[in-house]
Structures are given as structure tokens and as C-alpha cells.
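Presented below is the structure to which this report refers.
Order of the sequence lines fixes the chain letters, A, B, ..., with proteins taken first and strands second; residue numbering starts at 1 for each chain.
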Amino acid sequence: MNTPLGDHSPFAPTRRRFIQQGVATSLTVAVPIPLLAQGTPAAPASPPPRQPQSFIRINRDSSVNLYLPTSEMGQGIHTGQAQILADELGADWKRVAVEMPLRPSPDQRITFIGQMRSVGSNGIRYWHDPLRLAAAQARTVLIQAAATRLAVDPASLDAVDGAIVHAPTGRRIPMGDLVEAASALPVPTQPVLRPLSQQKLVGKTVARLDVPAKVRGEAVFSSDVKLPGMAYGAVRLTPVFSAEVERIDDATALAMPGVLAVVRVPRGAVVVAESWWQAKQAADVLDIRFTSTPHDTLDSAEIDRRLKAGLDVAGVRPALTRGDAAAAFSSASKVVEAEYSVPMLAHACMEPICGTARATADSAELWVGTQGHDMIRMALERFAGISNERMTLHTTYLGGGFGRKTIADIALQAVLASRAVGGRAVKVIWQRADDMQQGYYRQTMMARFRAALDAEGRITAMQIRVSGPQLGGQAATGTAVASDPFSLNGLTAMHYQIPALHIDHAVVPLPIPFGAWHSIAHSFTGYWLETFMNECAAAARQDPVAYRRAHLGGQTRMLAVLDQVAKRSQWASPPAAGVHRGVAVVESYGSPVAQVVEMRLVDGKVKVERVCVAIDCGRAINPGQVEQQMHAGVIGGLSAAFYGKITIQDGRAQQTNFGDYPLMRIHEAPKIHTDIVEIGSPLGGVGEPGVPPVAPALIAALHSATGQFVRSLPLVDHKLV
Amino acid sequence: MTTPCNVNGRTVEVKADPGTPLLWTLRDELGLTGTKFGCGVALCGACTVHVDGQPVRACITPTGFASGKRVVTIEGAGKDRIGRALQAAWISLDVPQCGYCQCGQIMSAAALLREHRKPTDAQIDAAMAGNICRCGTYDRIRAAIKQAAQSLA
């Protein structure tokens with residue numbers, strides 16, 4: 001069945017147009033960016049945003065370039081987007097290239113995803129429909145142009161492998177030969193989309209476009225940029241987050257070999273030299289003194305005390321309240337209560353923060369592996385006097401992102417460093433300790449959960465008090481908020497059917513910048529809620545899968561992944577001797593994911609042997625990539641559950657490198673089995689949803705082994721790894 | 001004073017101070033950026049190269065150590081059978097995600113296969129435990145090493 005996009009489409013009716021480029025040497029079709037205000041009365045009257053950020057270009061040689069503002073940081077997004085484009089257009093797969101726009105959109109009416117920020121597992125679900133629409137528009141005008149040239153009915157033509165083909169006669173015109181004629185034609189507002197049965201790439205495990213270059217050492221990451229005359233920078237930044245530079249004596253550093261300049265930047269200095277090693281050595285010995293702050297004695301014990309106090313503070317405005325919890329608790333057969341805590345986590349991308357700039361007083365060209373182009377734009381506008389139009393931003397591959405690379409600090413440092421050496425290009429590379437100690441951590445949080453169980457063990461009421469800093473942190477915003485909805489993701493919209501529910505968040509300001517970390521709040525709310533569900537199931541003496549099913553009435557997607565993972569892990573049969581299993585299911589970023597962890601205790605230490613994963617992400621554009629992202633979620637989540645912990649002493653982060661902030665290594669890594677459940681759900685994300693279920697599933701398996709639920713992470717604190 | 005060495009089959013005279021870590025000499029002087037900086041203290045393996053056939057962490061290996069020796073980086077890995085087989089397996093199984101650690105992973109795997117043509121799981125774990133992958137590609141790394149070993153048999 002063909003699927004025309006109706007007027008109800010969020011992209012109708014004003015947001016489609018060609019970008020005409022004088023003489024048509026290519027056919028260029030804008031990929032419409034959904035407006036932030038879509039669906040509100042004001043939106044239709046607004047003129048369409050200018051869209052140099054997102055378009056398809058079909059060239060004279062029939063090759064195709066796709067420009068979308070989504071960075072490739074390991075999630076395979078460029079391949080998935082290209083699959084959608086190539087299928088709908090009928091392009092030659094081998095001749096599709098994905099490019100990045102050179103600056104974010106300045107249009108504030110569009111979401112930051114559309115402006116240019118790669119977060120929230122949005123690469124497919126945000127762009128799928130607009131991309132398909134634009135590709136169908138391009139195909140339609142190419143077919144019309146071919147129909148005129150061949151004097152045949154357009155319905156007798158199809159676009160196949162980069163050409164328009166007339167099957168009855170076998171005639172074939174390369175798309176590139178039609179771009180001029182097609183560019184002159186009006187754009188169809190409601191092109192007919194290809195039926196799913198005609199899709200050859202979508203739904204298939206197509207090999208990733210970026211892999212061969214990454215395997216040969218040819219892929220250009222942020223740190224691999226090389227420009228003529230380039231100098232190098234290393235940083236010295238305040239160890240206490242809210243401190244500033246008091247004074248710098250740069251004489252010693254400037255006398256060292258190759259050193260060109262010592263450049264003051266916010267919260268520190270960049271030492272610029274002819275080589276990075278020279279810059280690093282000078283930065284290490286730079287005589288720099290930082291201001292003292294009221295937080296110079298802050299430590300993790302004090303932070304824990306403040307969070308603990310937040311669990312009992314009165315007068316917190318509820319974030320969500322429904323039903324009569326008091327009545328449910330007074331008539332409860334059993335009350336279950338638990339307190340949980342999670343530490344700060346560093347992103348620990350394999351590639352330390354890095355960026356290159358060539359700058360003048362009012363312009364800059366940058367090369368940064370960033371997932372926050374709009375953040376860079378705002379930082380350079382505000383702190384460097386560079387307007388969006390005077391900024392050119394080349395996006396390299398990212399050596400991991402996980403949310404950390406939304407932050408624009410590196411871009412500003414590189415711009416200021418370049419200005420200080422007369423506009424020479426400067427590549428600034430942080431050392432691992434800088435990367436580990438400069439904040440934007442996953443929040444440290446505590447929570448108290450209480451549940452009232454009736455005689456059958458069903459939860460009739462749940463109370464959740466969250467205590468901890470807000471996302472962003474008041475160090476970044478200057479003010480604390482009364483409540484922080486981002487920190488309650490996964491709780492306020494929980495799928496469990498619980499008649500009485502009360503959730504609030506006692507915001508505890510901390511002088512540390514917190515940021516988005518792989519699945520954001522779901523990384524802790526998933527651990528809490530799913531562990532608590534397992535605690536309630538244990539208190540009710542019920543099987544945790546059956547217990548969840550009883551509380552998930554009508555939640556077909558949650559049930560589908562839960563049932564699939566139970567089937568795959570043979571949940572109904574007892575595990576092999578010595579093997580312990582645990583289960584959890586969390587929906588985040590539009591995709592429910594269920595996981596079963598299988599582990600053994602070997603000499604009192606956890607050995608995770610296998611993790612079964614079931615995800616419903618709607619339709620898997622590239623099943624192999626979905627599987628890969630589940631691996632990323634499982635290993636990243638296990639790594640954090642085992643070891644992840646940033647601690648504070650004397651106001652500063654104590655961890656410096658992979659020795660004191662370990663990541664999971666191959667000998668600790670389980671086998672992972674992924675099932676993709678397709679039941680016709682809307683498209684969901686895959687980059688992050690694999691993270692949240694793994695910690696609570698592991699804790700449940702540990703409970704099976706030890707009879708104890710671990711209520712604080714990481715496991716290394718409990719000597720279990 | 002320069003340091004003579006052979007890098008990927010080519011004789012070069014390196015200008016960097018002999019105390020400069022080989023990593024930065026390879027990357028910044030010779031333009032061989034496939035070898036990555038991850039930790040600077042030999043904890044992550046992203047900078048793994050071979051010196052006279054032995055895997056070393058280039059971030060803590062002085063350039064002077066390579067004097068008169070043969071250095072092979074990822075850019076030269078495809079010149080021998082083992083490196084070629086590994087790169088082919090890595091591509092066929094789509095191992096990398098972000099890809100930043102993968103050149104170091106392949107160089108460690110190449111050293112393993114030179115030693116053990118048919119490595120066991122335990123040998124793979126032992127040889128690869130020094131290479132961190134933050135994206136969690138370990139399952140596919142194991143499979144790719146086995147596939148490469150099979151193709152060399």
C-alpha cells in the first residue's frame with residue numbers, strides 16, 4: 001500500500017521547498033525541519049525556517065549528498081539516515097555520502113535537535129519522516145522529468161540504483177542527467193511514499209559507511225585534524241569548579257622549548273606551543289594560581305550528608321501526585337521501603353576533549369567532534385563576539401560522546417588560543433585528567449521509595465522522594481530550581497499501573513556542573529524503580545516477570561519486550577547450577593528495553609556471563625546497528641555499575657585516569673544476545689535505551705545469589721567486583 | 001639530532017626530541033594519526049603499535065626507543081597477512097562504533113595472532129585486556145579475532 005503524507009503531517013503545508021542554486025548543476029531538496037511550535041496555533045503562520053542545515057543534493061554524476069545536523073559518534077547514525085534516503089529516492093547505495101552542515105540553524109523556533117545538537121537518541125526518530133518526504137519529493141520530480149523526456153506515463157517509471165528506469169522498454173536515464181529539468185519542476189506537496197515492500201535497505205543490516213576508514217586509521221577524529229601552520233594547545237583549568245584564575249606567572253612556561261603563548265581562558269589557561277608535547281609539558285609546570293571559593297573544603301561525605309538530608313526535608317512541591325496514598329498505606333498488608341543512591345559519573349569518552357580553531361576578532365573556522373553545535377554557536381556569540389554567520393564549524397567523527405561533547409568549552413578555548421597567536425590554527429587537546437576532572441558529570445542522587453502492598457501483593461500506592469542536584473547544576477545556571485523534571489524522567493511517566501502515586505524532588509544545589517550522561521536521568525531512575533519493583537516482588541513472594549506483568553496491564557510494548565526476554569533467557573526454567581538471573585524493563589527515548597542478566601559469584605566476585613536484551617524501537621532501520629547500540633548500553637551500564645564513581649575531596653574531583661576510574665574490559669564483558677521486537681510501534685531511539693535496565697537486572701541477579709539488594713552503586717564499593 | 005627508524009617499511013629520520021613519546025612523533029611529525037591518544041599512561045591501549053614485532057604503548061615509549069627499529073602502525077598493518085585478515089574481519093562484522101580505540105585493538109589482536117594462530121577465549125581475553133573500548137564492542141572484537149584466525153588457517 002502506498003502511503004501519502006496527509007495534511008495532518010507535521011511538515012505540511014508550508015515547510016517544503018527547493019533551494020534553487022542558479023544554474024541547476026544539481027537537484028537540491030530541503031529536508032523539512034519540524035518546528036518547535038508544531039501543533040500550536042502560532043506555527044502555521046510562521047514562515048518556513050531557512051534550511052541550509054538539512055537537504056538532499058543529487059549531483060550531475062548521480063551521486064547523492066545528504067546533509068543532516070546529526071554527528072556520528074559511534075551510534076551508526078549516518079548509515080541509518082543514508083539507508084532511509086537511498087531507499088526512498090532509489091539512489092545508488094554505493095554513491096551516497098553523508099555530510100554535516102557547516103553551522104547550526106539560528107532559528108530558535110526549531111528544537112535544538114533541528115538546530116544542530118545530537119542528543120536524546122533522536123537521529124532516526126526525528127529525521128525519518130522529513131528525510132523520507134524529501135527523498136520522495138526528489139524522486140517524484142526526477143520521474144516527471146524523465147517521463148517528459150521519454151514521452152511516457154510517469155506511472156510506468158521507477159527510480160532504481162541511481163537511474164530512472166522504464167521497465168517496459170528497458171530504457172534508463174541516470175538521475176544526474178535529469179537534475180536540471182527536475183529542478184525546474186514544482187515540488188509535489190504530498191509525494192507518494194514507497195510501500196515498505198519496495199524497501200531494499202531499510203530493515204537490513206547494511207554495512208556501516210564509516211567502518212572501513214575507522215579500521216584503516218584513516219577516519220578523521222577531532223584530534224586528527226591537521227592544518228597548515230597549526231600550533232597545539234594544552235590546558236590548565238581550575239580544579240575547583242567554581243573557582244577562577246587569580247594570577248598567572250607565565251615566564252617559566254614561555255621560556256620552555258616551542259612555547260608560543262600562555263592564553264587566559266575562562267577558568268584557566270591554554271598553553272600554545274609548536275607541538276602538543278611541548279604544550280603539555282609547559283602546561284604541567286605553568287605557575288597558575290586559582291581563587292579560593294567557599295567550596296574548597298567540599299567532599300563526598302558532605303555531599304552525601306546534604307543529599308541524605310534532602311530525603312527528609314519538608315515542603316517539597318510534588319512533581320506528580322494522584323490517588324489517595326495515605327489511605328492506601330493505612331490499609332496496606334505490607335509496606336516496602338528502600339533508599340538508593342548513585343554516584344557522579346564521568347563520560348570517559350576514549351577521545352579526550354579536543355578541538356581546533358582558526359580565528360580572527362570576529363570570525364572563526366572550527367574543526368570539532370561535537371554533539372552540541374548550537375551550544376558552540378551560543379558560546380562563541382556570547383563570549384567571543386562571533387556571530388553565527390561568521391562561524392564555520394567542520395564536524396569530525398567523535399571518539400565517543402555520551403552527552404559530554406554537547407559542552408562548548410573546548411571551542412571557546414581553541415578560538416581564544418588562535419587569536420593569541422595571530423590567527424594561526426590551534427588544536428587544543430585535553431589530557432585525560434582534564435577530561436576526568438572538569439565536570440558535567442552524571443548527577444549524584446539519592447531516593448527513598450515506599451510502596452503499599454495489598455493482600456495479593458499488588459502495589460496500591462507508591463511514594464518517591466528524590467534528593468539531589470538538578471541537571472545542569474546551579475554552577476552552570478546561577479540559580480537552583482524548585483523542581484527539575486529532567487531528573488525525574490522514567491518516574492513521572494512510569495508504565496506501572498499504580499493507583500496512588502506521589503513523586504517529588506528535593507533539589508540540593510551543589511557547586512558542580514552536571515550534564516547529560518548516556519540515557520541521562522534514566523540511568524538512575526531505571527536502577528531505582530526496577531530494583532524497587534524487584535524488591536516489591538520479593539516481598540510479595542512473586543516471580544519478578546509475573547509481578548511486572550501484573551502491574552503492566554495494557555502496556556503492550558513493555559509486555560512484548562518483557563515476554564521476549566523471558567523467552568530468550570528461558571526464564572520459566574531454572575538456570576544452570578551456580579547461575580543467577582535478574583530482570584528489568586525500562587522505556588526511555590521512545591523504546592522499551594527488557595534485559596535479563598545471568599551471572600555467577602566466583603570467589604565472592606560478580607562474573608556476568610550473558611545479558612539477553614529485547615528492544616521495541618518500532619522498526620529497526622538497521623538491525624545490526626540496533627544490536628551494536630544494545631552492546632554499548634549493556635557494557636556502558638555494567639561498567640558504571642561495577643566501577644563508575646567520581647568522588648570529591650577539597651572541592652575537586654579525585655579521579656584522574658582509567659586507573660582510578662576503571663572501565664569494563666574484555667575479560668569482564670558478557671556475551672550479549674539482542675532480540676528486536678517489531679509490533680508496529682512508532683520509531684524509538686536506540687543510542688541510549690540499552691543503558692537503564694542493565695544495572696537493576698544485575699542487582700536482581702545478585703539478590704538471587706546473596707539474598708541482598710544492593711542499594712548503592714558502584715559494586716566495587718561493596719567489594720563485589 | 002635525529003632518530004633513524006623504519007616506520008611501516010619506510011626509513012625516516014625523526015626530528016622530535018628522543019624523549020618525546022613515540023605517539024606524538026607518529027601523529028604530529030609523521031602524520032600517522034591512526035594511533036590514538038587516550039590516557040597517556042598505558043592504561044587504555046588506544047596507542048598500541050608494534051616495535052620490532054612487539055606491541056607497545058606509544059604514549060609511554062620514548063621516540064629514542066624506536067631508534068634503528070621497525071615500527072608498524074595501523075597504517076602499515078595491512079601490509080602483512082595477519083593485519084589484512086584482521087581488518088577484513090573487523091569490516092565484515094562491523095566491529096567499530098565510535099572507532100577511536102579500534103586501531104589499537106587491531107594492533108593488539110595482530111600481536112596475539114602472531115603468537116597464537118588459533119587463540120582460545122582465555123588467550124583473547126589476556127591479550128586484549130589492555131585495550132579499553134568505551135562503546136562496548138568486546139563481543140564483536142572476540143568474534144572478529146576468531147573469524148580472522150579462521151581465514152588464516
Side-chain angles (χ1 to χ4, degrees), chain A residues 72-76 205 207-208 210-221 223-224 226 232 257 275-278 280 347-352 397-402 429 431-433 624-625 628-629 631-636 638-639 657-659 663-667 669-672, chain B residues 16-17 19-21 23-25 27-29 31-41 43-44 46 73-75 77-78 86-88 90-106 122 124-142:
Chain A
E72 179 59 70
M73 47 193 162
Q75 77 284 46
T205 297
R208 272 174 71 148
D210 53 337
V211 159
K214 287 179 174 176
V215 165
R216 291 194 286 259
E218 293 163 1
V220 175
F221 292 86
S223 52
D224 301 332
K226 183 131 199 178
Y232 298 80
S275 82
W276 188 79
W277 187 247
Q278 291 169 332
K280 182 257 182 210
H347 300 79
C349 302
M350 291 311 296
E351 180 178 39
Y397 286 122
L398 281 69
F402 306 107
I429 305 175
Q431 300 187 55
R432 175 56 61 188
Q625 291 315 303
Q628 257 193 333
Q629 289 310 297
H631 288 201
V634 166
I635 299 296
L638 283 178
S639 201
N657 211 314
F658 298 123
L663 297 176
M664 178 163 268
R665 293 173 183 269
I666 194 167
H667 63 282
K671 297 203 182 325
I672 302 166
Chain B
D17 181 279
T20 300
L23 169 65
W24 299 104
T25 302
R27 290 180 54 82
D28 294 344
E29 186 175 334
L32 298 169
T33 54
T35 306
K36 303 300 188 199
F37 168 55
C39 67
V41 289
L43 285 170
C44 78
T73 70
I74 189 68
E75 289 87 350
L86 284 165
Q87 286 174 320
W90 245 249
I91 290 170
S92 103
L93 295 177
D94 254 352
V95 173
Q97 290 183 35
C98 92
Y100 194 78
C101 74
Q102 296 294 339
C103 295
Q105 302 276 3
I106 291 170
I124 291 174
D125 280 357
M128 304 301 292
N131 291 75
I132 297 175
C133 173
R134 172 70 172 88
C135 301
T137 61
Y138 298 128
D139 231 12
R140 290 193 180 188
I141 287 174
R142 281 196 200 106

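- Proximity to chain B involves both the backbone and the side chain of A/F658, based on heavy atoms less than 4.5 angstrom apart.
- Taking every heavy atom of both residues into account, B/G19 and A/W277 meet most closely at O-NE1, 4.5 Å.
- Put simply, the side chain of B/R134 never gets that close to the backbone of A/C349: no donor and acceptor are under 3.5 Å apart.
- Between A/I666 and B/R142 the shortest heavy-atom distance is O-NH2, 2.8 Å.
- Of all heavy-atom pairs spanning B/Q97 and A/Q629, the tightest one is OE1-NE2, 3.3 Å.
- The side-chain heavy atoms of A/V215 and B/I106, taken from C-beta on, include a pair separated by under 4.5 Å.
- A/L398 touches chain B through its backbone: at least one of N, CA, C or O sits under 4.5 Å from a heavy atom, while the side chain does not.
- Residue contact with chain B, scored on non-hydrogen atoms closer than 4.5 Å, involves the backbone and the side chain of A/M350 alike.
- For the residue pair A/P352 and B/G38, the shortest heavy atom distance occurs at CG-O, 3.8 Å.
- B/D139 CG to A/Q628 CD: the interatomic distance, rounded to the nearest 0.5 Å, is 11.0 Å.
- Between B/R27 and A/D224 there is a salt bridge, since at least one side-chain N of the basic residue sits less than 4.0 Å from a carboxylate O of the acidic one.
- With contacts defined as side-chain heavy-atom distances shorter than 4.5 Å, the pair B/T137/A/H631 does not qualify.
- Between A/V211 and B/Q102, the closest side-chain pair of non-hydrogen atoms is not below 4.5 Å.
- Looking only at distances, no side-chain donor or acceptor of A/Y397 sits under 3.5 Å from a matching main-chain atom of B/G99.
- With a threshold of 4.5 angstrom between heavy atoms, B/A77 does not approach chain A through any atom at all.
- Within the 4.5 angstrom heavy-atom criterion, only side-chain atoms of A/I429, from C-beta onward, approach chain B.
- For the atom pair CG of B/D28 and CH2 of A/W276, the computed distance is 9.5 Å after rounding to the nearest 0.5 Å.
- Proximity to chain B is absent for every atom of A/P257, based on heavy atoms less than 4.5 angstrom apart.
- With rounding to the nearest 0.5 angstrom, the CD atom of B/E75 is 8.0 Å from the CD atom of A/E218.
- Contacts between A/S275 and chain B at a heavy-atom distance below 4.5 Å are absent for every atom of the residue.
- Rounded to the nearest 0.5 Å, atoms CG (A/N657) and CG (B/L43) are 5.0 Å apart.
- Looking at B/L86, neither its backbone nor its side chain comes within 4.5 Å of chain A, counting heavy atoms on both sides.
- With a 4.5 Å cut-off on non-hydrogen atoms, A/K226 touches chain B through its side chain but not through its backbone.
- The aromatic rings of B/Y100 and A/F221 sit perpendicular, their planes meeting at an angle over 60°, well past the 30° parallel limit.
- Contacts between A/A669 and chain B at a heavy-atom distance below 4.5 Å involve backbone atoms as well as side-chain atoms.
- Looking at B/W90, both its backbone and its side chain come within 4.5 Å of chain A, counting heavy atoms on both sides.
- If you measure heavy-atom distances from B/D17 to chain A, you find no contacts under 4.5 Å at all.
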